[in-house]
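Step one of this worksheet: look at the structure below.
Quick caveat, the model's predicted, so the values are computed rather than measured.
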Amino acid sequence: VWKPLTSYAKELRDLFSPWSYAGQDVLESETARHAEAARSADLVLFTKPGCGYCASAKMATAQMPSRAIVELGTYEERRTLARVLGLPVITVPVVFVRGRCVGDGEVLHRLLRDEKKDGKLETMLAGPMAADPFAPGTPDTRAWTERLLCKPPGGEPSGYFLNIYGNTVRLVSLMHVFLFAAGLLAPYAVVRTGAAALLVDMCLLVLSSNLSPLALASTAAIWTRRGPVVPAIPYKVVFALYALFLARVATGAARETETRAAAAGALLNSAFLAVLRF
């Protein structure tokens with residue numbers, strides 16, 4: 001039990017320290033190394049081990065005559081690349097065409113799909129090699145970030161209802177632990193008010209993960225460590241049960257002793273989800 005807990009504690013530390021980068025000398029060295037790699041072929045993919053999106057991009061570009069793969073094996077390497085690109089977060093694969101960052105795997109697949117129609121990728125491949133892959137303004141930070149935070153789990157619009165990111169479940173559950181713990185300590189009148197507010201968020205989460213403020217904030221906070229896409233229905237069942245309990249508390253149908261006993265049970269269940277995520 002101790003080993004998973006210490007590993008999870010380290011993950012949480014990393015999630016909440018996204019700007020604790022290496023020293024300036026190390027950053028300059030990494031920047032030079034990444035810049036050289038970005039200009040090493042016409043098409044360069046910065047990937048990470050075990051990434052399904054990266055595997056898809058590699059397969060889609062396997063026949064390209066000038067292609068290079070750069071594995072970012074550690075989280076520190078990926079955070080450094082985000083910093084030199086001037087982005088708060090990145091999602092792999094990060095794609096460079098002729099030394100220019102064009103975006104992630106979604107952009108690459110769109111370029112490949114539309115190549116026969118508009119020839120945009122061929123035009124980019126025929127252009128000059130960029131002198132500085134990390135020049136200000138490349139890539140479009142705002143467009144990239146907006147796309148990340150709006151992209152549904154699994155890529156399809158239905159993913160907002162059917163899927164959720166694994167570590168989003170963990171972080172939302174961790175927030176629930178603190179909220180239920182506060183409910184055990186607070187006066188009952190305050191508990192009823194808090195239950196009403198949490199009920200609204202819980203109902204939105206059951207409907208769709210992109211409607212819940214807690215889920216959206218969690219996904220944005222841990223985007224680079226969001227984990228695998230997992231089916232959302234089992235978690236929605238749990239959150240729906242929470243919502244039924246919260247509705248009883250908010251309407252005064254539950255007695256104080258019943259409320260605190262149920263809150264203690266919900267706290268333990270949320271702690272289980274936050275650590276192990278069944």
| With distance as the sole test, does T259 use its side chain to make a donor-acceptor pair with the main-chain N or O of R255 at under 3.5 Å? | yes
| query | What class does the angle between the rings of F180 and F245 fall in, given that below 30° is parallel, 30 to 60° is tilted and above 60° is perpendicular? | reply | tilted
| Expected output: side-chain S56 to main-chain Y53 donor-acceptor under 3.5 Å | no
| task | Show your reasoning for whether side-chain contact (heavy atoms from CB on, under 4.5 Å) applies to C101 and L85. | result | CA-CA 9 Å; C101 182; L85 283 170; 4.2 Å; yes
| message | For Y235 and L205: C-alpha separation, side-chain torsions, deciding distance, then whether side-chain contact (heavy atoms from CB on, under 4.5 Å) applies. | response | CA-CA 10 Å; Y235 305 108; L205 181 55; over 6 Å; no
| Which heavy-atom pair separates K48 from E71 by the least distance, and what is that distance? | C-OE1, 3.4 Å
| said: If you count every heavy atom of other residues, nucleotides or ligands that lies below 6.0 Å from Y188 atom OH, does the total exceed 12? | reply: yes
| request: Kindly give the heavy-atom pair with the smallest separation between H176 and F239, and that separation in Å. | output: CE1-CE2, 3.8 Å
| said: Quick one: does any side-chain atom of T168 pair with a main-chain N or O of I164 as donor and acceptor, under 3.5 Å? | reply: no
| remark: The residue among M124, M129, R39 that forms side-chain contact (heavy atoms from CB on, under 4.5 Å) with R98 is M129
| message | Can you confirm whether L45 sits close enough to T61 that some side-chain heavy atom of one is under 4.5 Å from a side-chain heavy atom of the other? | response | yes
| request: Answer yes or no: is there a donor N or O on one side and an acceptor on the other, between the side chain of E36 and the main chain of R33, under 3.5 Å? | output: no
| query | Taking atom CD of E258 and atom CZ of R248, what is their separation to the nearest 0.5 Å? | reply | 4.5 Å
| message | With rounding to the nearest 0.5 angstrom, report the CG to OH distance, L171 to Y165. | response | 15.0 Å
| Once you round to the nearest 0.5 Å, how far does CG of L72 lie from CZ of R79? | 13.0 Å
| What pairs with L241 under side chain to side chain contact (heavy atoms under 4.5 Å, CB included), at least two apart in sequence or on another chain? | L244
| Knowing that exactly one of V177, V275, V172 qualifies, which makes a side-chain contact (heavy atoms from CB on, under 4.5 Å) with S270? | V177
| note | Nearest heavy-atom contact between V44 and A38 is CG2-O, 3.5 Å
| task | Please name the pair of heavy atoms, one in L207 and one in F161, separated by the smallest distance, quoted to 0.1 Å. | result | O-CD1, 2.9 Å
| Set of side chain to side chain contact (heavy atoms under 4.5 Å, CB included) partners for E115, sequence neighbours left out | L121, E122
| Taking atom CG of D132 and atom CZ of R100, what is their separation to the nearest 0.5 Å? | 10.5 Å
| message | Any side-chain to backbone donor/acceptor pair from R78 onto T47? Under 3.5 Å, distance only. | response | no
| message | List the residues meeting side chain to side chain contact (heavy atoms under 4.5 Å, CB included) with T251, not counting sequence neighbours, and say none if there are none. | response | A253
| request: Please report the closest heavy-atom contact between A60 and L112, naming both atoms and the distance. | output: CB-CD1, 3.7 Å
| field | Sub-4.5 Å side-chain heavy-atom contact between L43 and S66 | value | no
| task | Flag the pair L267 / F272 as yes when at least one side-chain heavy-atom distance between them is below 4.5 Å, and no otherwise. | result | no
| query | Is a donor on one side and an acceptor on the other found under 3.5 Å between the side chain of T74 and the backbone of E77? | reply | yes
| task | Mind checking side-chain hydrogen bond (donor to acceptor under 3.5 Å, both in side chains) for K120 and listing every partner two or more places apart, or none if nothing turns up? | result | none
| task | Begin from the C-alpha positions of S218 and R170 and carry the test side-chain contact (heavy atoms from CB on, under 4.5 Å) through to its verdict. | result | CA-CA 9 Å; S218 298; R170 284 195 167 110; over 6 Å; no
| request: To the nearest 0.5 Å, tell me how far D104 CG sits from T91 OG1. | output: 5.5 Å
Got a list of side-chain donor-acceptor pairs under 3.5 Å for residues 196-203, not counting sequence neighbours?
{"residue": "D201", "atom": "OD1", "partner": "S212", "partner atom": "OG", "Å": "3.0"}
{"residue": "D201", "atom": "OD1", "partner": "L214", "partner atom": "N", "Å": "3.1"}
{"residue": "D201", "atom": "OD2", "partner": "S212", "partner atom": "OG", "Å": "3.1"}

| remark: Separation between OG (S173) and OH (Y242), nearest 0.5 Å, reads 6.5 Å
| side-chain contact (heavy atoms from CB on, under 4.5 Å) between F96 and V102, intermediate numbers included | CA-CA 6 Å; F96 284 80; V102 298; over 6 Å; no
| request: Check side chain to side chain contact (heavy atoms under 4.5 Å, CB included) between R113 and all other residues, then give those that pass, not counting sequence neighbours. | output: R110
